[in-house]
Amino acid sequence: MTKRYKAPRGTTDVLPEDQPYWDRVWEASARICGLFGYRRIETPVFEDASLFSRGVGEVTDIVQKEMYVFEDRGGQQLALRPEGTAPVCRAYLEHGMHNLPQPVRLWYWCPIFRYDRPQAGRYRQHTQLGCEAIGEADASVDAEVIELLFRLYEDLGLQGLTLHLNSIGDGECRPRYLEALRGYYADKLEQVCNDCKERYQRNPLRLLDCKQERCQPVIAAAPPFTDHLCDACADHFSRLRAYLEEVEIEYVVNPRLVRGLDYYTRAVFEFQPQAEGAQSTVGAGGRYDGLIEQLGGRPTPGTGFATGIERIILNLKRQEVAVDAPVRPRVFVAFQTAEARSQAFRLASGLRREGIAAVVAAGERSLKAQMRHADSLGADYAAIIGKRELEHGTATLRRLSDGHQETLPLADVATIMTH
RNA sequence: GUGGGCGUCGCCUAGUGGUCUAAGGCGCCAGGUUGUGGCCCUGGAGAUCGAGGGUUCGAAUCCCUCCGUCCACCCCA
């Protein structure tokens, strides 16, 4: 008894019938990224593991419990890419992109790996589209990446997305805010859930985004970060808002919005659909002014986003957005006796060389079976080479939509269809 | 990592202790006379009832473990 193989947990096969969705999202992504002057970059699927522990943050969940880490035969500690920004920053440094006009605008589309517990819209391997603008601190660039992502969703026809916006400060004001937040929570730890007691120690910002009922009153009265921003961060945030209004992108300021990666500074944002569910965020990003320096470069500001392709497609399906039909052949070549086989084979080859999609019948099936096959493939025409056609060097071309057919010289089959 | 629901041919489903050597629909294959599709009709292939163990005279049906999947949490795209 042999084992029946299945795709590993949390992974999926993207079958032919799903490809039109992927094509649609890919096409729109490439077009809109290009429209904004972003150029595509591809980085390896695996990197030095420490790139992520250093870049994303040693104590983040991604690094602590979700990374696929392995040692290669040379003893290198490598990790399957758990997020896209750190590798792009590594490439920026490695290729001296600081010598290019700043900011450098890059986009990527790549698989991401996280050892998570799978559920709908959450996979161990998923695909992210991301944009990074590196080398400019001005809020106009934050607005630019947000607008790019917004235009992508708009182009795809996604409805009901809400843009949530927040600022989580920088090295100057964040420590002060965290102190204020801890001070506020210090005498309320009895009232909050166990997770929050943990967060109080490890990651106080996360206190703000707890979903437990009992914690809500405490959160509601907590001091919002937006009141504690230093002048520079407050200025950045208000400029960002102004830019967004300039290009008529609606948003809500959500003081409870925080992000799970350590490198974020100042502006952070998320696009959330109407649909219920924990994995609702479809795209998110923010500024990461300390990341390049953290990776060993000169202090260099950056901002960007990532959006999950599987989640986009999930929403496209929920909203029944129309996509192109899967590919189908223009002509199905059927033949009747074994003698006609090579003739049919040659006809199909000739059609393809004229750019006409052609599929030729295989095996030894009845004409009826071949015609059924032609129909189920959705071919426009069936070209039939039977005994009579074989004798005369002709083919019968049948239009499947209405059954109209005529017999014509083999050489004319291609020309009649290119007109 | 935590808690809960679910798991029957490729897909959807019926069956909840003996009538199940498991039924139906879709799909697949073949045929409906002599060269032809879509509708219709007929037939066929296809399931060790997620896996392993246990209870019982007897289990797809009950119990345990594992795996997978879905939902919530954690976290994230």
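The model shown is predicted, which means the values in this text are computed figures rather than measured ones.
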**Report entry** Side-chain ion pair, A:Asp142 and A:Arg266, N-O less than 4.0 Å
**Finding:** no
Query raised in the report: When rounded to the nearest Å, what value does the distance between P atoms of B:G52 and B:U61 take?
Result: 13 Å
Requested in this report: Inspect the contact between A:Arg105 and A:Glu132 and indicate whether a charged nitrogen and a carboxylate oxygen are less than 4.0 angstrom apart.
Outcome: no
Query raised in the report: Does B:U69 have a Watson-Crick or wobble partner in any strand here, with both distances under 3.5 angstrom, and which is it?
Result: B:G5
Report task. Could you tell me which residues satisfy ring-ring contact (aromatic ring centres under 6.0 Å, His included) with A:His126, sequence neighbours excluded, listed by chain and number? Result -> none
Report task. Give a yes or no on whether a salt bridge exists between A:Arg199 and A:Asp209, defined as a side-chain N under 4.0 angstrom from a carboxylate O. Result -> no
Query raised in the report: Which heavy-atom pair separates A:Leu377 from A:Pro329 by the least distance, and what is that distance?
Result: O-CD, 3.6 Å
Please list, for nucleotides 7-11 of chain B, all pairs of protein and nucleotide N/O atoms separated by less than 3.5 Å.
none

Query - NZ or CZ of A:Arg124 within 45° of A:Tyr115 ring axis and under 6.0 Å - result: yes
Requested in this report: Decide, yes or no, whether a salt bridge links A:Asp262 with A:Arg54 under the criterion of side-chain N to carboxylate O below 4.0 Å.
Outcome: no
Report task. Check every strand shown and say whether A:Phe305 touches a base, only sugar-phosphate, or nothing at a heavy-atom separation below 4.0 Å. Result -> nothing
Query raised in the report: Between atom CG of A:Leu165 and atom CG of A:Leu163, what is the distance when rounded to the nearest 0.5 Å?
Result: 5.5 Å
Requested in this report: Look at the side chain of A:Tyr123 and decide which nucleotide, out of B:C71, B:U69, B:A77, has an atom nearest to it.
Outcome: B:A77
**Report entry** Test: A:Glu47 and A:Arg81 ion pair at under 4.0 Å
**Finding:** no
Query raised in the report: Less than 4.0 Å between a side-chain N and a carboxylate O, is that true for A:Asp138 and A:Arg239?
Result: yes
Query raised in the report: What does A:Glu389 touch in the nucleic acid at a heavy-atom separation under 4.0 angstrom: a base, only the sugar-phosphate, or nothing?
Result: base
**Report entry** Spacing of A:Tyr21 atom OH and A:Leu156 atom CG [to the nearest 0.5 Å]
**Finding:** 12.0 Å
Requested in this report: Can you label the angle between the A:Tyr185 ring and the A:Tyr200 ring as parallel, tilted or perpendicular, going by 30° and 60°?
Outcome: tilted
Query raised in the report: Does B:C57 have a Watson-Crick or wobble mate here (both distances under 3.5 Å), and if so which one?
Result: B:G18
Report task. May I ask you to decide whether A:Glu42 forms a salt bridge with A:Arg40, counting only side-chain N to carboxylate O separations under 4.0 Å? Result -> yes
**Report entry** Pairwise C1' distance for B:G46 and B:C28, with rounding to whole Å
**Finding:** 9 Å
Identify the pairs formed between an N or O of the protein and an N or O of nucleotides 3-5 of chain B at a distance under 3.5 Å, and give each distance.
{"residue": "B:G3", "atom": "O6", "partner": "A:Arg117", "partner atom": "NH2", "Å": "3.3"}

**Report entry** Between B:C26 and B:A14 - C1' atom distance, rounded Å
**Finding:** 15 Å
Query raised in the report: Are A:Asp61 and A:Arg202 close enough, and set up right, to give a salt bridge (charged side-chain N to carboxylate O under 4.0 Å, His left out), and what steps lead you there?
Result: CA-CA 11 Å; A:Asp61 275 24; A:Arg202 282 190 44 218; 3.8 Å; yes
Report task. Counting Watson-Crick and G-U wobble pairs only, both distances under 3.5 Å, name the nucleotide matched with B:A77, or none. Result -> none
Query raised in the report: With rounding to whole Å, what would you report as the distance between B:U65 and B:G58 at their C1' atoms?
Result: 24 Å
Requested in this report: Report which part of the nucleic acid A:Gly363 touches: base, sugar-phosphate, or nothing (heavy-atom distance under 4.0 Å, all strands).
Outcome: nothing
Report task. Respond yes when some side-chain nitrogen or oxygen of A:Arg388 is under 4.0 Å from OP1 or OP2 of B:G35, and no when none is. Result -> no
Requested in this report: Would you state whether a donor and an acceptor, one from the side chain of A:Glu66 and one from the base of B:G1, lie under 3.5 Å apart?
Outcome: no
Query raised in the report: Can you tell me how far P in B:U13 sits from the matching atom in B:C75, rounded to whole Å?
Result: 34 Å
Query raised in the report: When the nearest nucleotide of RNA chain B is assigned to A:Ala7 and to A:Asn203 on a heavy-atom basis, which residue is associated with the more 5' position?
Result: A:Ala7
Heteroatom pairs (N/O) under 3.5 angstrom, protein to nucleotides 26-32 of chain B:
{"residue": "B:G31", "atom": "OP2", "partner": "A:Ser366", "partner atom": "OG", "Å": "3.3"}
{"residue": "B:G31", "atom": "O6", "partner": "A:Arg372", "partner atom": "NH2", "Å": "3.2"}
{"residue": "B:G32", "atom": "N7", "partner": "A:Lys368", "partner atom": "NZ", "Å": "3.4"}
{"residue": "B:G32", "atom": "O6", "partner": "A:Arg372", "partner atom": "NH2", "Å": "3.1"}

Report summary line: Whole-Å distance, A:Met67 CE to B:G1 P, equals 17 Å
Query raised in the report: Which value, in whole Å, describes the distance between the P atoms of nucleotides B:G4 and B:G17?
Result: 25 Å
Query raised in the report: Has the side chain of A:Asp375 got a donor or acceptor that lies under 3.5 Å from a partner of the other kind on the base of B:G38?
Result: no
Query raised in the report: Between A:Arg114 and A:Asp116, is there a salt bridge with N-O shorter than 4.0 Å?
Result: no
Requested in this report: Give one of base, sugar-phosphate or nothing for A:Ala374, where a contact means two heavy atoms less than 4.0 Å apart.
Outcome: nothing
Query raised in the report: Which of residues 79-89 of chain A sit near RNA chain B, with a heavy atom under 4.0 Å from it?
Result: none
Query - Donor-acceptor pair between A:Gln128 and A:Thr307 side chains, under 3.5 angstrom - result: no
Query - Identified pairing partner of B:G10, criterion: Watson-Crick or G-U wobble below 3.5 Å - result: B:C26
Query - B:A59 versus B:C71 - spacing of their P atoms, nearest Å - result: 35 Å
Query raised in the report: Whom does B:G35 pair with, Watson-Crick or G-U wobble, provided both distances fall under 3.5 Å?
Result: none
Report summary line: For A:Ala143 and A:Tyr243 the tightest heavy-atom approach is CB-CB, 3.5 Å
Report summary line: Assert: residue with more 5' nearest nucleotide on RNA chain B, out of A:Pro8 and A:Met371, is A:Met371
Query raised in the report: Within the pair A:Gln119 and B:A72, is there a side-chain N or O less than 4.0 Å away from OP1 or OP2?
Result: yes
**Report entry** Rounded C1' spacing from B:U55 to B:G31 in Å
**Finding:** 50 Å
Requested in this report: Under 4.0 Å between any heavy atoms, over every strand shown, what does A:Arg124 touch: base, sugar-phosphate, or nothing? Just pick one.
Outcome: nothing
Query raised in the report: Are A:Asp375 and A:Arg372 ion-paired here, with the side-chain N under 4.0 Å from a carboxylate O?
Result: no
Query raised in the report: Which ones in residues 391-406 of chain A lie close to RNA chain B, meaning a heavy atom under 4.0 Å from one of its atoms?
Result: A:Arg398, A:Leu400, A:Ser401, A:Gly403, A:Gln405
